[in-house]
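Hydrogens, waters and symmetry mates are skipped; everything else that's a heavy atom, side chains included, is used.
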Amino acid sequence: MHAPTHPAADLAAELRLSTNWLDYAILGIYFAVVLGIGFAARTSVRTTLDFFLSGRSLPAWITGLAFVSANLAATEILGMAANSAQYGAYTVHWYWIGAIPAMVFLGLVMMPFYYGSKVRSVPEFLLLRFDRGAHLLSSILFGFAAVLIAGVNLYALAIVVEALLGWPQWVAIVVAGFFVLAYITLGGLSSAIYNEVLQFFVILAALIPIVVLGLKKAGGWSGLTDTLTEAHGADFTTAWGDTGIGSANPLGANWLTIVLGLGFVLSFGYWTTNFAEVQRALSAKNLSAARRTPLIAAYPKIFIVFLVMIPGLVAAALVPDIGTAGSGLQYNHAIPYLMQQLLPNGVLGIAVTGLLAAFMAGMAANVSAFNTVFTNDIWARYVVRDRADGYYVRFGRLITAIGVLASIGTAFLASSFSNIMSYLQTLFSFFNVPMFVVFVVGMFWKRASAKSGFWGLLAGTAAAMLNYFWIYKQGIVGIPTDQGANFVSAIVGFAAGAVVMFAVSLFTAPRPADELRGLVYGTRSPGTAEPPAAGDDAWYRRPALLGWGALILAAACYIPFSF
């Protein structure tokens, strides 16, 4: 079920928007505000802690909104709408089982380790728990993945802006890259985070009109489901239809691969180890705020699925052959198509601004994480050590520019995927899942040796790539879809990493117990406990209550989509 890829130029005339001065005025105002935030944040940047982690001074509601906004990138919007157009209501799994449990686990279980150990990045935690080999390998893999994912955002921006506004791809890439580079270089992580809070609301303002007008065009929810059921079958509008082992469904995955591959391995691998997300929580003002960051983000995340899934379903109803050569539209064009068909001027300007905001949020999250890891974990640790703090702030700004340029260079690697979410999930199975298995084994098993981290990470990455490029792509084992192959690759990578870690640990010496305090579950290092801040006894400040509430709400959302 692979749709052919069509160059964006072929669609430019068909998707071109009738924009006017009002739409461009809204766009101009947004760019001016973005740069203004960067200049305002510049005054607070004096040290590397300020530049890379906002001085660990931000309140939970700011970091929580930035956490979800950093994930709500254009790849999320276009990719999940594409997912819905291709696979139907199965998209809800990426949110209710593929995000919320992992976000709760991050807040309740893992943030005390991250924040309490005072690490500045996710790879730095591996240095404390394992050794330099695991640290260096994880830093390199994360930096590589961050540049690739930022490139996906740039590629998605280029094809959409060319199709919608008629700008050449290189113009769209340079303009967006310049603004992201400008405000991160000026204000560091604080600038990125405050812009992400703004972008969160701009993105909502862009998506809500598309959802409302799209449902109206499709005859309401009942009219939409009737049309899709007639065209694609009843399973297209349910979450669990035909997911029994051996059954065929649009997603090409059964309940076991959904629960294990997506709900556990891919989800936990992404949300608990992806520094582009965790960095927002590490910038919080105290441990309580850091723990609440992903939990606060979980509540809007539960409902955002409707804003990205419904446009994909509407596009599938209005263009039944979307994603095929006959329609001339890729799955990725679901939202641009609806913008062109449904939105009046003014609202159109908000929608275009929202898309650009989403591109920039996703790119900024990965670029700011990349500059932190490269500066602190590679350059300052292994290349140029023990220099003055100001040197590393200047180098961080330089490597930000290099990261943006590298992202431009990787942008077109995504062009071979009609569904960019498939490409992203492929990257996550290669890079995030092996890191997660190293984290989870290291955090919960004291006997895991220092050497096991490096070899587990290497084995998990190699096994996931081997499964995807050889077993799946060469047809050794038949897997119906790219997404199904990603789930299997994630499971294979996790299993291989865990097995190798256990094997290596049996033949190498464990770390001394006193070196593991605060790094392994059930231990606490001196000074990591902190007294509760004033007012932290309020119900909305209790991490456990917030976490269980999110899990129950996500589970309840499945009920209407289960029959």
TODO: Return the orientation label for the Tyr114 and Phe125 ring planes: parallel under 30°, perpendicular over 60°, tilted otherwise.
DONE: perpendicular
- [ ] Tell me, please, which residues at least two apart from Lys301 pass side-chain hydrogen bond (donor to acceptor under 3.5 Å, both in side chains).
- [x] Asn71, Glu76
TODO: Would you please classify the geometry between the Phe430 ring and the Phe469 ring as parallel, tilted or perpendicular, with 30° and 60° separating the classes?
DONE: tilted
- [ ] Show your reasoning for whether ring-ring contact (aromatic ring centres under 6.0 Å, His included) applies to Phe428 and Trp94.
- [x] CA-CA 13 Å; Phe428 296 154; Trp94 271 265; over 10 Å; no
TODO: Just say parallel, tilted or perpendicular for the rings of Tyr382 and His135, cut-offs at 30° and 60°.
DONE: tilted
TODO: In sequence, state the C-alpha distance, the side-chain angles, and the governing distance for Trp455 and Met501, and then conclude on side-chain contact (heavy atoms from CB on, under 4.5 Å).
DONE: CA-CA 7 Å; Trp455 292 108; Met501 287 190 73; over 6 Å; no
Task: Verdict with reasoning, Tyr30 to Leu198, per side-chain contact (heavy atoms from CB on, under 4.5 Å) - done: CA-CA 10 Å; Tyr30 169 73; Leu198 167 67; 4.0 Å; yes
Open item on the list: Can you confirm if the NZ or CZ of Arg511 lies within 45° of the ring axis of Phe130 and under 6.0 Å from the centre of its six-membered ring?
Closed with: no
Open item on the list: Going by the rule ring pair (Phe, Tyr, Trp, His ring centres under 6.0 Å), which residues pair with Phe303 if we only count those two or more places apart in sequence or in a different chain?
Closed with: none
Task: Residues that Arg397 engages under salt bridge (charged side-chain N to carboxylate O under 4.0 Å, His left out), provided they are two or more places apart - done: none
Task: For Leu128, side-chain contact (heavy atoms from CB on, under 4.5 Å) partners two or more places apart - done: Ser117, Val119, Leu519
Task: Full working for side-chain contact (heavy atoms from CB on, under 4.5 Å) between Phe487 and Leu266 - done: CA-CA 7 Å; Phe487 297 164; Leu266 272 173; 3.6 Å; yes
- [ ] For the pair Phe105 and Phe268, evaluate ring-ring contact (aromatic ring centres under 6.0 Å, His included) and give the outcome as yes or no after the intermediate values.
- [x] CA-CA 8 Å; Phe105 184 82; Phe268 279 67; 5.3 Å; yes
TODO: List in chain and number order the residues that pass side-chain contact (heavy atoms from CB on, under 4.5 Å) with Arg394, two or more places apart in sequence or in another chain; answer none if no residue qualifies.
DONE: Tyr391
Open item on the list: Test of understanding: with side-chain hydrogen bond (donor to acceptor under 3.5 Å, both in side chains), list the residues that count as partners of Ser489, not counting sequence neighbours.
Closed with: Asn467
- [ ] Using the test ring pair (Phe, Tyr, Trp, His ring centres under 6.0 Å), find all partners of Phe444 that sit at least two apart in sequence or belong to another chain.
- [x] Tyr521
TODO: Report the residues that fulfil ring pair (Phe, Tyr, Trp, His ring centres under 6.0 Å) with Phe39, sequence neighbours left out, ordered by chain and then residue number.
DONE: none
Open item on the list: With rounding to the nearest 0.5 angstrom, report the CE to CG distance, Met339 to Leu207.
Closed with: 9.5 Å
Open item on the list: Holding to side-chain contact (heavy atoms from CB on, under 4.5 Å), I want the full list of residues that pass it with Ala365, two or more places apart in sequence or in another chain.
Closed with: Ala70, Glu196, Ala276, Arg280
- [ ] Any chance you could lay out the ring-ring contact (aromatic ring centres under 6.0 Å, His included) test for Phe275 and Phe370, step after step, and finish with the verdict?
- [x] CA-CA 9 Å; Phe275 187 49; Phe370 168 78; over 10 Å; no
Open item on the list: Is there a side-chain contact (heavy atoms from CB on, under 4.5 Å) between Asn366 and Val147? Walk through the geometry before answering.
Closed with: CA-CA 7 Å; Asn366 283 281; Val147 168; over 6 Å; no
- [ ] Start with the C-alpha distance between Phe436 and Phe264, add both sets of side-chain angles, then the distance that settles ring-ring contact (aromatic ring centres under 6.0 Å, His included), and finish with yes or no.
- [x] CA-CA 10 Å; Phe436 170 64; Phe264 176 58; 5.7 Å; yes
- [ ] Could you name each residue pair satisfying salt bridge (charged side-chain N to carboxylate O under 4.0 Å, His left out) that touches residues 126-155, not counting sequence neighbours?
- [x] Asp131-Lys451
Open item on the list: Gln199 vs Tyr194, test: side-chain hydrogen bond (donor to acceptor under 3.5 Å, both in side chains). Steps then yes/no.
Closed with: CA-CA 9 Å; Gln199 288 158 344; Tyr194 282 113; over 6 Å; no
Task: ring pair (Phe, Tyr, Trp, His ring centres under 6.0 Å) partners for Tyr299, two or more places apart - done: none
TODO: Under the side-chain contact (heavy atoms from CB on, under 4.5 Å) rule, collect the residues that match up with Ile350, sequence neighbours excluded.
DONE: Ile26, Ala205
